[in-house]
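Let me begin by presenting the structure, written as structure tokens, before commenting on it.
Just so we're on the same page: letters track the sequence lines, and every chain starts at 1.
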Protein chains: 2
Amino acid sequence: MGKKVTIRDIARLAGVSVTTVSQILNGKGERFSQKTRDKIFKLRDEYGYVPDFNARSLILRQSSSMIGVLVPNISSPFFGTFVEGVQHVAQHERMIPLIFSADRNAELEQNYLSQMLERSIDGLIIASATMTTDTINRIIGARDVPYILFDQNYAQEGTRVLTDDYRGGELAAQHLADLGHKKIAILEPNELSENFTQRLTGFQDCLRKNHIELDVAHNVIKAPLSRRGGYDAAAAVIKAGVTAAFAGNDDMAIGLMRGLRERGVKVPDQISIMGYDDIYLDEYVSPQLTTIRQPIMDLGIGAAKMLLNKIHSDQEQEQIQRFPVELVQRQSTARVR
Amino acid sequence: MGKKVTIRDIARLAGVSVTTVSQILNGKGERFSQKTRDKIFKLRDEYGYVPDFNARSLILRQSSSMIGVLVPNISSPFFGTFVEGVQHVAQHERMIPLIFSADRNAELEQNYLSQMLERSIDGLIIASATMTTDTINRIIGARDVPYILFDQNYAQEGTRVLTDDYRGGELAAQHLADLGHKKIAILEPNELSENFTQRLTGFQDCLRKNHIELDVAHNVIKAPLSRRGGYDAAAAVIKAGVTAAFAGNDDMAIGLMRGLRERGVKVPDQISIMGYDDIYLDEYVSPQLTTIRQPIMDLGIGAAKMLLNKIHSDQEQEQIQRFPVELVQRQSTARVR
DNA sequence: ATGAAAGCGCTAACAC
DNA sequence: GTGTTAGCGCTTTCAT
């Protein structure tokens, strides 16, 4: 790496003290002669001197100015967009986001979490598929690191950004009910994180209100929350003999549509499909996907702002920021016939 | 934030010296009595003591163990997947990737670059849409930070991972030629980065070999490299009266297909569409997209490995790692009629 | 078995 | 105008 040049090297080379160099280079050099100043700057450029980040932050007791972001899957449109929102806010405050994609792997998640903590991160945004608040708190330990929960969590407490999942479920159910569907299937993940529980409760409550019975034994289909998961569940959906299906998220819905297409089932003519999230792809698949929109980018922005706020104000109090959802009606749902 | 507990606090609390604490906590405490050791560990847990990262790396002269990754757009399937590849390798070596999505914004890119450099990053992977190697070198300055170039760069030099873009262009052209297409349009971005130049040269050379004329004046359509860009270019493609179009990347192709669909043009019956990249969506759109496959995840893995290698071995020598491309034939292309 | 002391590279009171 | 000095929190050599 080539030995690093230190402030002392520069001082020696210039025949001045380190103070002089330090002050001048930090823009506090008014009191030094122009000649000295020029010399120092010249030397710095010549030798490519850069202050050691560690030494500097050690003495200035700066925070690391880093926030951690833990998501299941950065290459998904949903989390990719979310992260862009976070990054946008962070950049604004010259905070660096450490982004980790842990692929729903518990060990990896905890691993990343520890690594971030070691680096004395200022705060965390966690969309963990596996960790409970207990686990998180245990790893954080006595450190005073604020965190914001988001999306897939097994938590009913803690500061977090939420969307109105119950309402989202209702909107979806009402939409299908309005179209006259009576036989409806649900695709949901094996482990129900809090947001899914809400969403499904809203969905089922609303069906009931419309006097529609959900055949829980046959029409609640478990599948991974992914395109692949939806794709593989196509057979089960067909077998269920339903006229509509509500997928856990858009990825899943898009996979399901592909699976149905390959089996010769027409969407929405034979089966209506609803997703959830409103990822940017929805408009590009065919038929365009009807879904419940979450303001994904805003969620990222909101989470980041909330976290920064918490970092700066140091208030213990639990906060919850709630975002609205809405029905986005496109082409994958139609009146039953 | 709560005052941080230092090693001295622990030492004082335990009634021992800082040496004792340091040694024991760093697993070099064999020489101390079991009783002391227990006491120290207990105190650490009780007070949540964690060594200060800066102080520690200052004295241990550790590197930051961070690598920077600069991409145009983290929420795109292409770069998302690439980044996952990078992260995979980094994790393995306990390196932390700093991931920045700069949205093809020159100022932002340089900003991020500086920020990373300030934090004495160990190396960089740059898929910059705007910076030349000159700009990069200028910002890096005298620092000895290795970097790997990737994808969109205006560079014909420097250590980098490449795919055989010329060959990819050829494969695409040959495929369309084989299907009997004579009237072909190209969708390309306004600024041609090196990989695009190669790709298009390969494409055109191959057309020529097949005695197909490309009407450069009308059938080379400029559009942003995005779904939106492709979507908006649909009218121009129709107007060009071609039987096939080769889009700059899959995102663009997917947008284009949507645009054509909305205008009642059937793909591939009326117009065949080819993309480039083989992002994971290609199989989920309808018709499934024919494309030239780049091994995206492998590129990420390769770039990261190469960078780590360069960081550790400190060799100046320019290296190039080349990855193969291949034709993936799906449903968006068909024999002309 | 334990500790004193030096020093990593830097900044900032406080001299001179 | 410029330098001396005292740390920041930590690890490590070398005594004791």
Whole Å only: how far is the [atom1] atom of [X] from the [atom2] atom of [N]?
X	N	atom1	atom2	result
A/I24	D/dG1	CD1	P	12 Å
A/L58	C/dG7	CG	P	17 Å
B/R8	C/dG3	CZ	C1'	14 Å
B/E30	C/dT2	CD	C1'	14 Å
A/I59	C/dA12	CD1	P	7 Å
B/L60	C/dA6	CG	P	20 Å
A/D52	C/dC10	CG	P	6 Å
B/I40	D/dC10	CD1	P	13 Å

With B/Y49, which of B/I40, B/I10, B/L13 fulfils side-chain contact (heavy atoms from CB on, under 4.5 Å)?
B/I10
Considering just the side-chain nitrogens and oxygens of [X], establish if one lies under 4.0 Å of OP1 or OP2 belonging to [N].
X	N	answer
B/T36	C/dA1	no
B/R56	D/dT11	yes
B/T20	C/dG3	yes
A/R61	D/dG9	yes

Select one nucleotide: of [options], the one nearest the side-chain heavy atoms of [X].
X	options	result
A/Q23	C/dC8, C/dA12, D/dC14	C/dA12
A/S33	D/dT2, D/dT11, D/dT12	D/dT2
B/F32	D/dG1, C/dA4, C/dA1	C/dA1
A/S22	C/dT11, D/dC14, C/dG9	C/dT11
B/K28	D/dT12, D/dG3, C/dG7	D/dT12
A/R31	C/dG3, D/dT2, D/dG9	D/dT2

Applying a 4.0 Å non-hydrogen cut-off, can you work out what [X] is touching in the nucleic acid: base, sugar-phosphate, or nothing?
X	result
A/N54	nothing
A/S57	nothing
B/G15	sugar-phosphate
B/F53	nothing

Test side-chain hydrogen bond (donor to acceptor under 3.5 Å, both in side chains) on B/T130 and B/E109; report intermediate values, then the result.
CA-CA 8 Å; B/T130 71; B/E109 278 187 354; 2.4 Å; yes
Tell me whether A/S114 contacts the main-chain N or O of A/Q110 through its side chain, where contact means a donor paired with an acceptor under 3.5 Å.
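Answer holds: yes.
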Is the shortest distance from a Lys or Arg side-chain nitrogen in B/R12 or B/D9 to a carboxylate oxygen in the other one below 4.0 Å?
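Salt bridge: yes.
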Say whether B/D134 and B/T132, considering side chains only, have a donor N or O and an acceptor N or O under 3.5 Å apart.
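No, no side-chain donor-acceptor contact under 3.5 Å.
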Side chains of A/N137 and A/Y147: any donor to acceptor distance under 3.5 Å?
yes
Classify the side chain of B/T19 and the base of D/dT11 as holding, or not holding, a donor-acceptor pair under 3.5 Å.
no
Donor/acceptor link under 3.5 angstrom from B/R12 side chain onto base of C/dG3:
no
